[in-house]
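Worksheet: the structure to be examined is printed underneath.
Whatever order the structure lists ligands and atoms in, that order sets their numbers, starting from 1.
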Amino acid sequence: MTQLIPVLKKEDIQQKVASLAKRISTDYEGRELVIVGILKGSFIFISDLVRHITIPVKIDFISVSSYGTSTSSSGQPLMNKELKMDINDKDVLLIDDIVDTGLTLSYLVKHLGALGPRTIKVCALVDKSERREKQFKIDYVCHKVQKGFLVGYGLDYAEMYRNLPEIYHLKF
Ligand code: IMP
Ligand code: MG
């Protein structure tokens, strides 16, 4: 039997997302901000976040997969959809739903870094620290947990639960 234990309520998510958007809007004032979202997990987070951002912003998506139906990383991420937008000399903010081992984001920072952005920073809805293998700075984060498998608000388990409006700990 699986169990869903509440981690972040709707109001908490909205408040954290709005305050993060405020910080981003201030930090990138006067710059050419390009948000690069990592599909699919970040789609709900990004759609809420960008509606609170008050500076001009361009948005594109990239898709990589590191998970089959398991709950731990398979190592080297697989590129499913490349970035289409030109990020040369742009300020890039790379956004994922959750950082676990860090392999996905560190791979993508390197990958996008080769395309000549002016700056590249990292944002995640959740920073999950216990299994981190690649150490790097997560510039913007909404929520920190040590461990556990989270679902809802875009996060899935075997493609399920993405539509839940709140974030839950999935207990197996
Ligand atoms: P990493 O490469 O190990 O940091 O894994 C990052 C990716 O694994 C994220 O983009 C998620 O898609 C997925 N992931 C890691 N932990 C969880 C979780 O607790 N719930 C849902 N997806 C997760
Ligand atoms: Mg993901």
Stepwise salt bridge (charged side-chain N to carboxylate O under 4.0 Å, His left out) test for E32 and R118: CA-CA 10 Å; E32 286 192 69; R118 188 179 160 275; over 6 Å; no

Flag D97 as yes when one of its N or O atoms lies below 3.5 Å from any N or O atom of ligand 1, and as no otherwise. yes

Does any N or O atom in L105 lie less than 3.5 angstrom from one in ligand 1, N or O only?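 No: no nitrogen or oxygen of L105 is under 3.5 Å from one in ligand 1.
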
Atoms of ligand 1 close to [X] [distance to a heavy atom under 4.0 angstrom, numbered from 1]:
X	answer
D156	21 (C), 22 (N)
K128	16 (N), 17 (C), 18 (C), 19 (O)
D96	9 (C), 10 (O)
G148	19 (O)
L150	18 (C), 19 (O), 20 (N), 21 (C)
L155	20 (N), 21 (C)
L103	2 (O), 4 (O)
T104	1 (P), 2 (O), 5 (O), 6 (C)

Is the shortest distance from a heavy atom of [X] to ligand 1 less than 4.0 Å?
X	result
G41	no
V151	no
S42	no

So does D139 pair up with K137, basic N to acidic O under 4.0 Å?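 Between K137 and D139 there is a salt bridge, with a charged N closer than 4.0 Å to a carboxylate O.
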
Would you say the rings of F149 and Y157 are close, in the sense that their centroids are separated by under 6.0 Å? yes

Heavy-atom proximity to atom 14 (N) of ligand 1, best of L39, D100, I98: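 When every heavy atom of L39, D100, I98 is considered, I98 comes closest to atom 14 (N) of ligand 1.
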
My understanding is that only one of H169, K16, E166 makes a side chain to side chain contact (heavy atoms under 4.5 Å, CB included) with L8; could you say which?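 When side chain to side chain contact (heavy atoms under 4.5 Å, CB included) is applied between L8 and each of H169, K16, E166, only K16 qualifies.
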
Could you walk me through whether D91 and K121 pass salt bridge (charged side-chain N to carboxylate O under 4.0 Å, His left out), step by step? CA-CA 8 Å; D91 291 291; K121 283 193 187 181; over 6 Å; no

If only side-chain N and O atoms count, and only distance matters, is there a donor-acceptor pair under 3.5 Å linking Y140 with D27? yes

On a heavy-atom basis, the closest approach of S65 and N80 is OG-ND2, 3.1 Å

Under 4.5 Å between side-chain heavy atoms, hopping through other hydrophobics if needed: is there a path connecting Y161 to I5? no

Kindly compute the distance separating CD1 (I53) from CD1 (I46), expressed to the nearest 0.5 Å.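 It is 9.0 Å, given to the nearest 0.5 Å.
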
